[in-house]
Protein chains: 2
Amino acid sequence: MTADSSEREWSKSEVRIMEATHRALLRYGYAQLSISRIASELDQSKASLYYHYDSKEDLLLSFLEYVTDQLESNIYTDNNESPSQELERFIETLLPLQLDDDESQLRAAMVELRSQAVMDEKFRKQFTEIDDRIVNHLERIISKGIGEGEFRNVDSTRVAEHMFATISGVMCNRATTNRENALA
Amino acid sequence: MTADSSEREWSKSEVRIMEATHRALLRYGYAQLSISRIASELDQSKASLYYHYDSKEDLLLSFLEYVTDQLESNIYTDNNESPSQELERFIETLLPLQLDDDESQLRAAMVELRSQAVMDEKFRKQFTEIDDRIVNHLERIISKGIGEGEFRNVDSTRVAEHMFATISGVMCNRATTNRENALA
DNA sequence: GTCTATAAGGCGATAGAC
DNA sequence: GTCTATCGCCTTATAGAC
């Protein structure tokens with residue numbers, strides 16, 4: 001199922017490093033994330049990280065792939081739901097209503113990570129891919145809903161694009177302001 | 001006009017520093033923005049910056065105020081437009097269709113700056129205020145449009161909040177992906 | 001594969017002269 | 001108000017032993 005595209009193998013030591021990166025990110029945030037801190041979460045030396053990865057950027061790009069893979073595997077567990085249920089569940093995955101502490105911290109960290117995409121072309125490429133997949137998935141659900149007569153006959157591409165922009169905005173605002181939002 | 005709240009005095013040397021910060025931000029992006037680089041855009045020494053500001057954070061918070069003030073003065077030049085014209089112009093201000101190079105770079109830099117709000121409470125407070133003002137302005141336009149019978153009778157708060165989320169999302173996506181968006 | 005030790009450099013910030 | 005010089009810290013990354 002879902003052998004969509006970039007699913008890749010994660011060796012045991014890679015996973016350990018990715019999880020250490022995850023913990024360090026939650027603990028210190030992106031701006032304070034350093035190789036030293038990742039290494040100390042891993043209980044190993046900095047040098048050993050450079051055995052596995054060429055550079056910090058390299059490690060972080062891997063981490064981005066890792067998180068993307070986890071998102072994908074959370075998303076594509078199709079049951080036999082109706083399109084509107086599927087849509088609702090998908091949005092709930094992206095924007096959990098109840099903010100489990102670690103989960104909301106991870107979303108926040110992803111917003112920080114995303115800001116790297118402004119100046120770093122490799123990051124931007126990765127985020128472009130992530131976003132494309134999300135929009136495509138939205139569009140698929142909407143088209144299905146239209147086909148089954150559950151949704152009005154709208155331009156599914158435009159609606160998916162619009163929904164995604166709104167979702168991104170809420171994610172960003174949750175992470176960077178003290179304001180509160182409703183959904184729908 | 002618009003003596004709304006935080007408009008404050010900007011001395012000549014403050015303005016010079018803010019403009020140097022602006023240039024440094026466009027040139028290097030937030031992650032690579034340092035006191036040294038701002039100083040060299042200013043053609044002065046680092047130490048002189050510390051005469052004017054206590055710390056880097058202090059300087060950047062001032063810069064954020066500076067940019068906010070500029071946004072406000074761009075926004076509140078009311079003509080006698082209809083609400084829908086006003087709305088359109090306001091959105092065009094936030095999300096210029098044609099991406100003047102420096103302008104779009106500044107938007108991008110603001111996205112980077114915003115990501116600081118994830119971990120820094122002072123930044124978050126500042127962005128919360130900015131966003132509140134934008135939403136309030138949107139709401140005012142919508143309410144006026146409803147009063148004049150130009151818009152449908154909707155919940156102006158909710159609609160303003162929704163529109164703002166969408167706008168934020170587009171800003172963020174423009175800055176961090178290579179994807180393209182339409183508007184409406 | 002992991003370690004210790006260290007190189008090389010940028011950073012924020014300060015001291016003290018002018 | 002601006003300068004030069006410098007402190008102390010932390011960073012990414014590497015060398016070389018085990």
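Remember, it's a predicted structure, so these values are computed and weren't measured experimentally. Protein chains get the first letters and strands the later ones, always in sequence-line order, with residue 1 at the start of each.
Of the side-chain N and O atoms in A:Ser13, none sit less than 4.0 angstrom from OP1 or OP2 of C:dG1. OP1 or OP2 of C:dA13 has at least one side-chain nitrogen or oxygen of B:Tyr50 nearer than 4.0 Å. Proximity of A:Tyr51 to the phosphate of C:dG1: a side-chain N or O atom is located under 4.0 Å from OP1 or OP2.
Ring pair B:Phe90/B:His137 is perpendicular by interplanar angle, where above 60° counts as perpendicular and below 30° as parallel.
Considering only the side chain of B:Ser45, D:dT4 comes nearest among D:dT4, C:dT2, C:dT4. Out of D:dG1, C:dT2, C:dT6, the shortest distance to the side chain of B:His52 is found at D:dG1. The side chain of A:Ser48 lies closest to C:dC3, out of D:dT2, D:dT12, C:dC3. When each of D:dA13, D:dT11, D:dC3 is scored by its nearest atom to the side-chain atoms of A:Arg37, the top-ranked nucleotide is D:dT11. Nearest nucleotide to the side chain of A:Ile35, out of D:dT12, C:dG12, C:dC3: D:dT12. The side chain of A:Lys56 approaches D:dT12 more closely than any other nucleotide in the set D:dT12, D:dT6, D:dT2.
Salt-bridge formation is not detected for the pair A:Arg8/A:Asp69: no Lys NZ or Arg NE/NH1/NH2 atom is positioned less than 4.0 Å from an Asp or Glu carboxylate oxygen.
The distance between atom CG of A:Leu60 and atom P of D:dT12, rounded to the nearest whole Å, is 9 Å. Atom CD1 of A:Ile17 is separated from atom C1' of C:dG1 by 10 Å (rounded to the nearest Å). When the P atom of C:dG10 is taken as reference, atom CD of B:Gln32 falls 12 Å away, rounded to whole Å. Taking atom CD of B:Gln44 as the reference point, atom C1' of C:dC18 lies 16 Å away to the nearest angstrom. When rounded to the nearest whole Å, the span between CG of A:Leu49 and P of D:dT11 equals 13 Å. Across the protein-nucleic acid pair, A:Leu59 atom CG and D:dA13 atom C1' stand 13 Å apart, rounded to whole Å. What separates OH of B:Tyr30 from P of C:dC11 is a distance of 13 Å, to the nearest Å.
Residue A:Val159 forms a side chain to side chain contact (heavy atoms under 4.5 Å, CB included) with just one option from A:His162, A:Glu161, A:Met163, and that option is A:Met163.
The environment of B:Glu88 atom CD is sparse: at most 12 non-hydrogen atoms of other residues, nucleotides or ligands sit within 6.0 angstrom.
Between B:Ala47 and A:Arg16, the one whose closest nucleotide on DNA chain C sits nearer the 5' end is A:Arg16. Of the two residues near DNA chain D, A:Ser36 and A:Asp54, the one whose nearest nucleotide lies more 5' is A:Ser36.
The residue B:Ser34 sits close only to the backbone: its heavy atoms come under 4.0 Å of sugar-phosphate atoms, none of a base. If you check every strand for non-hydrogen atoms under 4.0 Å, B:Ser55 touches sugar and phosphate atoms only.
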Discussion item. Determine whether B:Leu94 and B:Leu71 satisfy the following criterion, side-chain contact (heavy atoms from CB on, under 4.5 Å), listing intermediate values before the conclusion.
Written reply: CA-CA 9 Å; B:Leu94 294 175; B:Leu71 177 77; 4.2 Å; yes

